[in-house]
Number of protein chains: 2
Amino acid sequence: MNAPRPRTRIQRRNRKLILDAALDVFSAQGYRGATLDQIAASAGLSKPNLLYYFDNKEEIHRTLLTDLLDAWLAPLHDLAPDGDPQAEILGYVRRKLQMSREYPRESRLFANEILQGAPRIEGFIRGDLKALVDEKAAVIRGWAAQGRIADLDPYHLIFSIWALTQHYADFEAQMRMVRGEGVDTFEGAESYLDTLFARLIAP
Amino acid sequence: MNAPRPRTRIQRRNRKLILDAALDVFSAQGYRGATLDQIAASAGLSKPNLLYYFDNKEEIHRTLLTDLLDAWLAPLHDLAPDGDPQAEILGYVRRKLQMSREYPRESRLFANEILQGAPRIEGFIRGDLKALVDEKAAVIRGWAAQGRIADLDPYHLIFSIWALTQHYADFEAQMRMVRGEGVDTFEGAESYLDTLFARLIAP
DNA sequence: GTCTATAACAAGATAGAC
DNA sequence: GTCTATCTTGTTATAGAC
């Protein structure tokens, strides 16, 4: 029997509870490290009740990942070819950093997936993501050709934006331990990345 | 009964085989995702034979991680306070990138550990790593105070070096899929990072 | 819809022959 | 030292009462 489409209020609420708990556990432990017991306990439900809402463990994970992928493309999608190059690139950096701050668990879920060779999202990466990156890389290359930004490899540029912004979410544990518990690890990040990319892309 | 200290040639050889296979599997699947069956198969030994050389799964993992941590500090350790600031920082970036290229599995093993909250290396991070980072941050701050490099937060600077260099190892799967199978993902990385950090730290 | 109880199946670890 | 066979535990998933 398939899990029901969420019709009632209580069903929608429980599905949300489960997905939120599962995001906690999967992002912190990885797919195999997570157990249904942990997720159930964190959601305040029994394990069989979890499996009333989702057919199996994998479906919970796939749901989280799928929901995430749409949001994942948005910041880059918004990079406008007819905008001011500097403002567009710095704006993209800010939106990406904002995502790391607001959705660190999602970032870690994604990082776990990539680290393991992206087995479940290979289609997404080779498909939608690659298409979008190729499109925006061409835009950036055009700006460089016009001398409106420095002449940089657009792929390295995009990857460096991902690396720097996602690091604040994915390696947050390390930053916190190195800097000490009291520190907000995002403090100063936006201004640092603003400076870094402004100096990098200045023509 | 404890596993034997490696005395004979064959023991040393088998321990190496096991650790190399385990590094493959742990770095790709994470601690919980890895199974002794996979490691044994990859090493060409039987599962009980693995456990003749190591008491249990955790000891294999701990051995890999411990061996890694020494090497992990070296590039930053070599940043010399009395050297030329620009050359020292760019040299550190190059050494770190070189480690990502030569030891991508080790980088992913480390990344897996941090993503999960660094449960097994918290002591290392709060201890040796924090001490080294604090020490070198002070050096960098001194350079900035003397106007020999730009005035940047040294912690954000160090973290950004980690983020950018390790990304080439940890997110290699994504880069390969976005760029296409034929591409060497490290191609152009050194010159890109050279440019990035040279422009960033120029006074 | 939710629960207790339990089946079914990995996966870590051990026993004991060779 | 290495293997086959097996024990034991943890985990996913199902049965069936309520």
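In what follows, chains are A, B, ... by sequence order, proteins preceding strands, each numbered from 1. Hydrogens, waters and symmetry mates play no part in the numbers below; they use all other heavy atoms, side chains included.
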In whole angstrom, give the distance that lies between atom CG of A/Asn49 and atom C1' of D/dT14.
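One finds 14 Å between C1' of D/dT14 and CG of A/Asn49, rounded.
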To the nearest Å, how far apart are A/Leu51 CG and D/dA15 P?
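The distance from CG of A/Leu51 to P of D/dA15 comes to 12 Å, rounded to the nearest Å.
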Does B/Arg32 make a side-chain N or O approach to OP1 or OP2 of D/dT11 shorter than 4.0 Å?
yes
Residue pair A/Tyr192 / B/Asp153, side-chain donor-acceptor N/O under 3.5 Å:
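No, B/Asp153 and A/Tyr192 have no side-chain donor paired with an acceptor closer than 3.5 Å.
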Are A/His156 and B/Tyr168, when compared by the centres of their aromatic rings, separated by less than 6.0 Å?
yes
What contact category does B/Ala34 fall into here, base, sugar-phosphate, or nothing, at under 4.0 angstrom with non-hydrogen atoms?
sugar-phosphate
On the 0 to 90° scale, with breaks at 30° and 60°, tag the A/Tyr155-A/Phe159 ring pair as parallel, tilted or perpendicular.
tilted
Considering heavy-atom distances to DNA chain C, does B/Asn56 or A/Ile10 have its closest nucleotide positioned more toward the 5' end?
A/Ile10
Carboxylate-amine/guanidinium contact A/Asp20 A/Lys16, below 4.0 Å
no
Please determine whether a side-chain nitrogen of the Lys or Arg among A/Glu181 and B/Arg126 lies less than 4.0 Å from a carboxylate oxygen of the Asp or Glu.
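Looking at A/Glu181 and B/Arg126, the cut-off is met.
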Between A/Gly33 and A/Pro48, which has a closest nucleotide on DNA chain D that is more 5'?
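Checking each residue's closest nucleotide, the 5'-ward one belongs to A/Gly33.
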Take A/Phe110 and A/Trp72 through the test ring pair (Phe, Tyr, Trp, His ring centres under 6.0 Å) and record every step on the way to the result.
CA-CA 9 Å; A/Phe110 188 84; A/Trp72 208 246; 4.5 Å; yes
Along DNA chain C, 5' to 3', what are the outermost nucleotides having an atom less than 4.0 Å from a heavy atom of chain A?
C/dG1 to C/dA11
